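A quick write-up on the structure given underneath.
This one's a predicted model, so the numbers in the text were calculated from it and none came from an experiment. FYI, side chains are in, hydrogens and waters are out, and symmetry mates aren't considered; it's all heavy atoms of this structure. Chain letters run A, B, ... following the sequence lines, proteins first, then strands; residues in each count from 1.
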Protein chains: 2
Amino acid sequence: MSEPRNQSPGPTDLPGQADLRSRAGALDAEDPLAEKRKAFVLDDTVYLDGNSLGALPAHVPARVADVIERQWGELRIRSWDESGWWSAPERIGDRVAPLVGAAPGQIVVGDSTSVNVFKALVAAVRMARDTDGGAPDERRDEILVDATTFPTDGYIAQSAARLTGCRVIPLAPAEAPAALGPRTAAVLLNHADYRTGRLHDLPGLTAAAHAAGALAVWDLCHTAGALPVGLDEHGVDLAVGCTYKYLNGGPGSPAYLYVRRELQERFDSPLPGWNSHAEPFGMRPGFEAADGVTRGRVGTPDILSMLALDAALDVWDGVSVDAVRAKSLALTDFFLRCVEAYVPEGLVESLTPKAHAERGSQVALRCDGAGDVMKRLIEQGVVGDFRAPDVLRFGFTPLYVSFADAEQAARVLARTLGA
Amino acid sequence: MSEPRNQSPGPTDLPGQADLRSRAGALDAEDPLAEKRKAFVLDDTVYLDGNSLGALPAHVPARVADVIERQWGELRIRSWDESGWWSAPERIGDRVAPLVGAAPGQIVVGDSTSVNVFKALVAAVRMARDTDGGAPDERRDEILVDATTFPTDGYIAQSAARLTGCRVIPLAPAEAPAALGPRTAAVLLNHADYRTGRLHDLPGLTAAAHAAGALAVWDLCHTAGALPVGLDEHGVDLAVGCTYKYLNGGPGSPAYLYVRRELQERFDSPLPGWNSHAEPFGMRPGFEAADGVTRGRVGTPDILSMLALDAALDVWDGVSVDAVRAKSLALTDFFLRCVEAYVPEGLVESLTPKAHAERGSQVALRCDGAGDVMKRLIEQGVVGDFRAPDVLRFGFTPLYVSFADAEQAARVLARTLGA
């Protein structure tokens with residue numbers, strides 16, 4: 001990135017290299033988000049793995065130090081009230097909300113994505129069977145699950161099905177409309193495929209689920225913070241997501257659960273911990289669920305991880321998700337263009353759809369020996385990741401990835417593949 | 001604590017005050033754990049709430065800063081391998097193990113206590129019904145639950161029962177032997193009562209559960225780090241506990257799950273996330289549980305909270321749990337002696353058993369207007385907590401509470417109550 005742009009073409013240049021480097025410079029110069037890069041701790045690495053672990057926002061260490069040294073060390077137990085620890089899950093949920101198109105009061109932060117998938121699916125099955133005072137509709141015994149999804153969702157869905165007397169029907173998201181019927185209780189889909197980067201049709205598939213009387217549960221791990229989700233607008237019932245990818249919350253930062261406001265009164269959690277009780281300090285033997293999305297909480301929140309996330313979310317101040325999406329598409333378009341220009345034909349194949357409407361914020365390239373190729377890329381300072389069996393995965397985080405990064409990554413890839 | 005000891009009795013002295021202060025000084029002088037206090041960040045406060053949130057070990061901030069700034073900020077995704085993030089749940093579990101009498105390979109750290117109670121209970125019911133290749137013993141449909149326990153355990157037990165076709169039988173722990181029978185699947189008990197501080201008979205009640213063919217699940221939140229637990233020695237099947245009380249892991253630090261080695265192959269988790277898979281990066285559609293206690297993991301571990309705990313556990317280096325127990329009993333004995341001497345008769349009543357074998361590491365005093373009394377104590381720098389409806393709770397953390405603290409707390413309490 002410190003190399004001069006607009007070099008004259010030399011004997012070792014790749015096809016179109018001078019033009020593409022010049023174009024990268026121009027795109028970076030007109031990028032309205034370019035300044036955001038300074039909010040992160042970055043070095044010369046081309047970091048295209050923010051879809052696995054987001055980079056560190058520069059102000060997070062000082063904020064966490066304050067949480068530990070003053071809030072825990074000095075105030076100790078008083079911080080549950082005085083430092084707002086107790087209400088952090090809802091308060092931080094309300095900060096995630098605008099990033100996924102949700103009004104306040106519908107998101108609670110805590111637990112892992114897997115645990116939230118479990119809460120959402122069991123609760124969805126219960127709601128699908130609950131027929132407004134009539135006999136429970138036990139026929140609803142099928143959970144449709146994206147078979148192409150990140151596998152934890154499928155494992156947890158199997159468990160939720162086993163415990164609620166359902167069976168899982170694995171399918172590709174596009175097959176869901178045909179498979180929906182009077183037996184469908186819930187549909188669990190990933191908004192973007194973790195492997196190929198394909199973006200699924202959240203509005204259309206949600207509407208199809210509703211038309212069949214089923215609930216739509218979406219996993220937003222690979223889209224929240226990368227593109228508009230529109231949970232409220234599209235009537236999504238329940239959603240989960242992690243916060244350590246495009247939201248930069250830190251390694252294993254708490255996940256979140258969205259419960260649409262209209263469903264909250266019927267949300268019947270399989271994990272009713274003391275934090276989801278109407279009166280948590282009443283220490284009553286009988287469970288009575290709290291009002292609102294608070295009933296999606298379980299046990300004591302992990303404050304250090306949660307307040308690191310809280311700090312990390314500051315980088316979104318003044319950022320429009322539409323601007324992020326526009327840059328994301330421009331970045332992935334540009335990267336694909338560079339790959340096409342630089343990499344000799346037949347060595348890689350893009351698994352990521354060309355159509356913008358079907359693309360998340362990553363590019364997945366099928367490549368022989370992908371595991372070894374990714375190792376060599378990383379040695380050369382281009383960090384993506386490898387997904388079995390043969391996928392090179394490059395994540396484009398619009399807040400800190402530049403067009404120069406995209407060009408450099410394609411160039412190093414081409415050289416690594418022998419161009 | 002900076003006041004001179006051995007004052008001559010003045011007109012405002014409480015009964016026996018000079019003697020008790022002198023005795024406190026002598027006990028502190030001969031305390032083999034006295035030096036450990038320096039490992040913690042403490043001020044003039046008499047902090048008797050370490051059974052709710054342990055004090056900050058002084059070296060934790062620097063360690064967490066390294067995790068954030070170097071491991072996350074510089075190494076980023078590489079830290080999953082290079083900084084040992086991936087294996088942290090088992091590695092830190094092995095550090096908790098000696099504190100609860102467990103050999104390595106049986107404890108995994110992660111999730112909240114409530115979530116771990118859920119895993120343990122559902123898995124216990126499944127194991128109780130699994131009869132070595134014969135027809136499943138569906139008669140085992142009762143879960144005995146300590147009705148005096150911290151309520152989250154009861155709420156989660158109700159959910160586990162509902163999802164496995166069981167019913168919960170609430171009882172006092174001492175009633176468990178009489179209630180056990182051929183229908184009992186599992187018994188969930190708290191090792192020490194969070195309210196009264198009563199210690200229950202873990203060896204005897206575990207043996208009784210086994211004699212009835214049931215599994216014993218223990219919640220160690222109020223004993224781990226305060227007294228010897230002896231999980232292996234007493235044949236406990238499953239156990240859970242938090243790490244933010246006597247283990248000083250920080251607010252909401254991850255909980256842990258113990259699965260006795262002989263049961264691990266049969267441990268069938270209701271939360272089978274990708275972290276509990278035999279090949280987590282194989283991303284296979286079908287679930288295959290990992291060997292060993294790893295199958296107690298679920299999703300991505302919350303690294304910041306987990307590595308703060310890892311650092312906090314350093315204070316246990318060279319500490320014997322027997323020495324901790326000896327000091328704990330001496331502290332609570334001495335505090336009760338001071339309360340008896342200072343507080344006019346009839347104003348408080350100890351709910352904590354006198355017999356050492358029945359006492360945890362806290363003293364609970366019933367007191368009229370306990371909520372208001374605790375507020376006034378806190379204003380005077382004596383921090384315990386209030387538990388509804390009428391309990392003053394004082395936790396004694398042997399690693400950093402002194403006998404002078406105990407005397408001062410009793411003295412301030414007596415003055416507050418009008419002595």
Answer with side chain, backbone, both or neither: which region of [X] has an atom nearer than 4.5 Å to a non-hydrogen atom of chain B?
| X | result |
| --- | --- |
| A:R195 | neither |
| A:R126 | side chain |
| A:Q158 | neither |
| A:P285 | backbone |
| A:T113 | neither |
| A:V383 | side chain |
| A:N116 | neither |
| A:L42 | both |

Next item on the list: Begin from the C-alpha positions of B:D43 and A:R76 and carry the test side chain to side chain contact (heavy atoms under 4.5 Å, CB included) through to its verdict.
Entry: CA-CA 11 Å; B:D43 50 25; A:R76 288 183 288 263; 3.1 Å; yes
Identify which part of [X] has an atom lying under 4.5 Å from any heavy atom of chain A, answering side chain, backbone, both or neither.
| X | answer |
| --- | --- |
| B:P301 | backbone |
| B:Y155 | both |
| B:D268 | side chain |
| B:P272 | both |
| B:N248 | backbone |

Do you know the tightest heavy-atom contact between [X] and [Y]?
| X | Y | value |
| --- | --- | --- |
| B:G273 | A:I156 | N-CD1, 4.1 Å |
| B:G299 | A:S114 | CA-OG, 3.7 Å |
| A:V298 | B:S112 | CG1-OG, 4.5 Å |
| B:F281 | A:A388 | O-CB, 4.3 Å |

Top of [options] for chain A proximity - count of heavy-atom pairs under 4.5 angstrom:
| options | answer |
| --- | --- |
| B:S269, B:A255, B:P251 | B:P251 |
| B:R162, B:H277, B:E74, B:R78 | B:R162 |
| B:R387, B:E69, B:R284 | B:R284 |
| B:W80, B:F386, B:Y194 | B:Y194 |
| B:I68, B:I378, B:D153 | B:I68 |

Next item on the list: State which residue, out of B:L163, B:L271, B:V122, fulfils the side chain to side chain contact (heavy atoms under 4.5 Å, CB included) condition with A:P270.
Entry: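 Between A:P270 and the candidates, side chain to side chain contact (heavy atoms under 4.5 Å, CB included) is satisfied uniquely by B:L163.
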Margin query: If you apply the rule side chain to side chain contact (heavy atoms under 4.5 Å, CB included), what do you find for B:D111 with A:D111, and how did you get there?
Written below: CA-CA 7 Å; B:D111 303 308; A:D111 302 310; 5.7 Å; no
Notebook entry, point to check: Top residue by heavy-atom pair count (under 4.5 Å) with chain B, among A:G73, A:A58, A:A65?
Noted result: A:G73
Check: Using a cut-off of under 4.5 Å for heavy-atom pairs, which of A:A62, A:G252, A:S79 has the most such pairs with chain B?
Finding: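 Greatest number of close heavy-atom pairs with chain B: A:G252.
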Next item on the list: Enter the distance from B:I303:CD1 to A:L304:CG here, rounded to the nearest 0.5 Å.
Entry: 13.0 Å
Check: Once you round to the nearest 0.5 Å, how far does CD1 of A:I77 lie from OH of B:Y244?
Finding: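 That separation rounds to 9.5 Å.
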In a table with atom names and distances, give each donor-acceptor pair under 3.5 Å that connects a side chain of residues 47-56 of chain A to protein atoms at least two apart or in another chain.
from  : atom 1 : to     : atom 2 : distance (Å)
A:Y47 : OH     : A:L53  : O      : 2.7
A:N51 : ND2    : A:Q362 : OE1    : 3.2

